[in-house]
Protein chains: 2
Amino acid sequence: MNIGSAARKSGLPAKTIRYYEEIGLLKADRAANGYRDYSAADVNRLQFVHRSRNLGFSVEECRQLLSLYDDKQRASAEVKAIAEAKLDDIDRKLAELTSLRSALRHLVDHCHGDDRPDCPIIDGLSGATVACETH
Amino acid sequence: MNIGSAARKSGLPAKTIRYYEEIGLLKADRAANGYRDYSAADVNRLQFVHRSRNLGFSVEECRQLLSLYDDKQRASAEVKAIAEAKLDDIDRKLAELTSLRSALRHLVDHCHGDDRPDCPIIDGLSGATVACETH
DNA sequence: GGTTGACCTTCCAGATACTGGAAGGTCTAG
DNA sequence: CTAGACCTTCCAGTATCTGGAAGGTCAACC
């Protein structure tokens, strides 16, 4: 399929897909007319990169994650180590996102429309947990 | 406190803190000697920005999130709407991160050291859920 | 067959978000 | 009063896109 379809299916702009090719993140086949040609597997890879980037992984980290995808038949300790490290990253991100969520939720539910000049709960936005007893 | 301490406590490089000041994300007081002077509340804001950026929010989004922090005594429907929208963003990110995690976990646990040329589970890396029955 | 409009191509410039380094001022300890 | 660790500004470079120009390709319709 052409780059436009791949863009629609992966959610990435065509521009970005070309850029990823330019930096060697993923190459595409070319049709006889010179158009890039994407398989369903390519679209999967693009979707994967899209969500990984959205979740705060760098392009280099995406390259490592894609290597899991590509080197899957190679029982490589190195590749497995990368995967384990990424799992740890993800767990850390999950914990932070959860705490950010609860802080923001708390703010919306309890700290709004209040005209006191300071709300100690809001200070919890920056920390891992929301301190509540001073509110 | 000086920028170095604020950097250590917030986890952001001093360079980045200066950059955030330059783009007006958060201003700092100045001591008599011209050094930037950060309060504990400033450090909270910096930590907050740090984690938000790590989780894939843009600087502009961080600016909105910080406005919740700053306009907290203003019972503004607009600010509340931003908070609700950010909560939705966070929920979406949580769901994606969870599915990415389970896909990667599955890959590490089941698809490795396998020398078959293709592993359908890995294709699930790009989707919201991991299809398992074809493996 | 010709034209139109939606595709595609490359290339180059600009935007966003840092990041590193130089040149130099300030502070604290010995 | 000197050494080393801070701090300052400024300017240049990097990473990751993003927009636009100039032009080729394709499918459909007259």
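In the text below, chain A, chain B and the rest are named by the order of the sequence lines, each starting its count at 1.
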Task: Selection from C:dC27, D:dT25, D:dT18 that lies nearest to any side-chain heavy atom of A:Asn33 - done: D:dT25
Open item on the list: Among C:dC18, C:dT9, D:dC7, which nucleotide has an atom closest to any side-chain atom of B:Ile3?
Closed with: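 In terms of side-chain proximity for B:Ile3, the closest of C:dC18, C:dT9, D:dC7 is D:dC7.
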Protein-nucleotide distance ([X], atom [atom1]; [N], atom [atom2]), rounded to Å:
{"X": "A:Glu22", "N": "D:dC17", "atom1": "CD", "atom2": "P", "value": "12 Å"}
{"X": "B:Asn54", "N": "C:dA17", "atom1": "CG", "atom2": "P", "value": "14 Å"}
{"X": "B:Met1", "N": "D:dC7", "atom1": "CE", "atom2": "P", "value": "12 Å"}
{"X": "A:Glu21", "N": "D:dC17", "atom1": "CD", "atom2": "C1'", "value": "16 Å"}
{"X": "A:Lys15", "N": "D:dA21", "atom1": "NZ", "atom2": "C1'", "value": "10 Å"}
{"X": "B:Asp29", "N": "D:dC7", "atom1": "CG", "atom2": "P", "value": "16 Å"}
{"X": "A:Leu12", "N": "D:dC17", "atom1": "CG", "atom2": "C1'", "value": "11 Å"}
{"X": "A:Glu60", "N": "D:dT16", "atom1": "CD", "atom2": "C1'", "value": "11 Å"}

May I ask you to decide whether [X] forms a salt bridge with [Y], counting only side-chain N to carboxylate O separations under 4.0 Å?
{"X": "B:Arg101", "Y": "A:Asp91", "value": "yes"}
{"X": "A:Glu96", "Y": "B:Lys93", "value": "no"}
{"X": "B:Arg53", "Y": "B:Glu60", "value": "no"}

Can you tell me if [X] touches the phosphate of [N], counting only side-chain N or O atoms and a distance under 4.0 Å to OP1 or OP2?
{"X": "B:Thr16", "N": "C:dT19", "value": "yes"}
{"X": "B:Arg63", "N": "C:dA17", "value": "no"}
{"X": "B:Tyr19", "N": "C:dT16", "value": "no"}
{"X": "B:Ser58", "N": "C:dT16", "value": "no"}
{"X": "B:Arg18", "N": "C:dA17", "value": "no"}
{"X": "A:Arg36", "N": "C:dT9", "value": "yes"}

TODO: Using only heavy-atom distances, determine whether the side chains of A:Asn2 and A:Ser5 contain a donor-acceptor pair under 3.5 Å.
DONE: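 The criterion, which ignores hydrogens and geometry beyond distance, is not satisfied for A:Ser5 and A:Asn2.
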Open item on the list: Nearest heavy atom decides the nucleotide; on that basis, is A:Arg8 or B:Tyr35 closer to the 5' end of DNA chain C?
Closed with: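 Whichever sits nearer the 5' end wins; that is A:Arg8.
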Open item on the list: Just to be sure I understand the rule, does A:Ile23 reach a base, reach only the sugar-phosphate, or reach nothing, if contact means heavy atoms closer than 4.0 Å?
Closed with: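 It contacts nothing in the nucleic acid.
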- [ ] Using a heavy-atom cut-off of under 4.0 Å over every strand shown, decide if A:Arg53 touches base, sugar-phosphate, or nothing.
- [x] sugar-phosphate
Open item on the list: With a 4.5 Å cut-off on side-chain heavy-atom distances among I, L, V, M, F, W and Y, is there a chain of contacts connecting A:Met1 to A:Tyr35?
Closed with: no
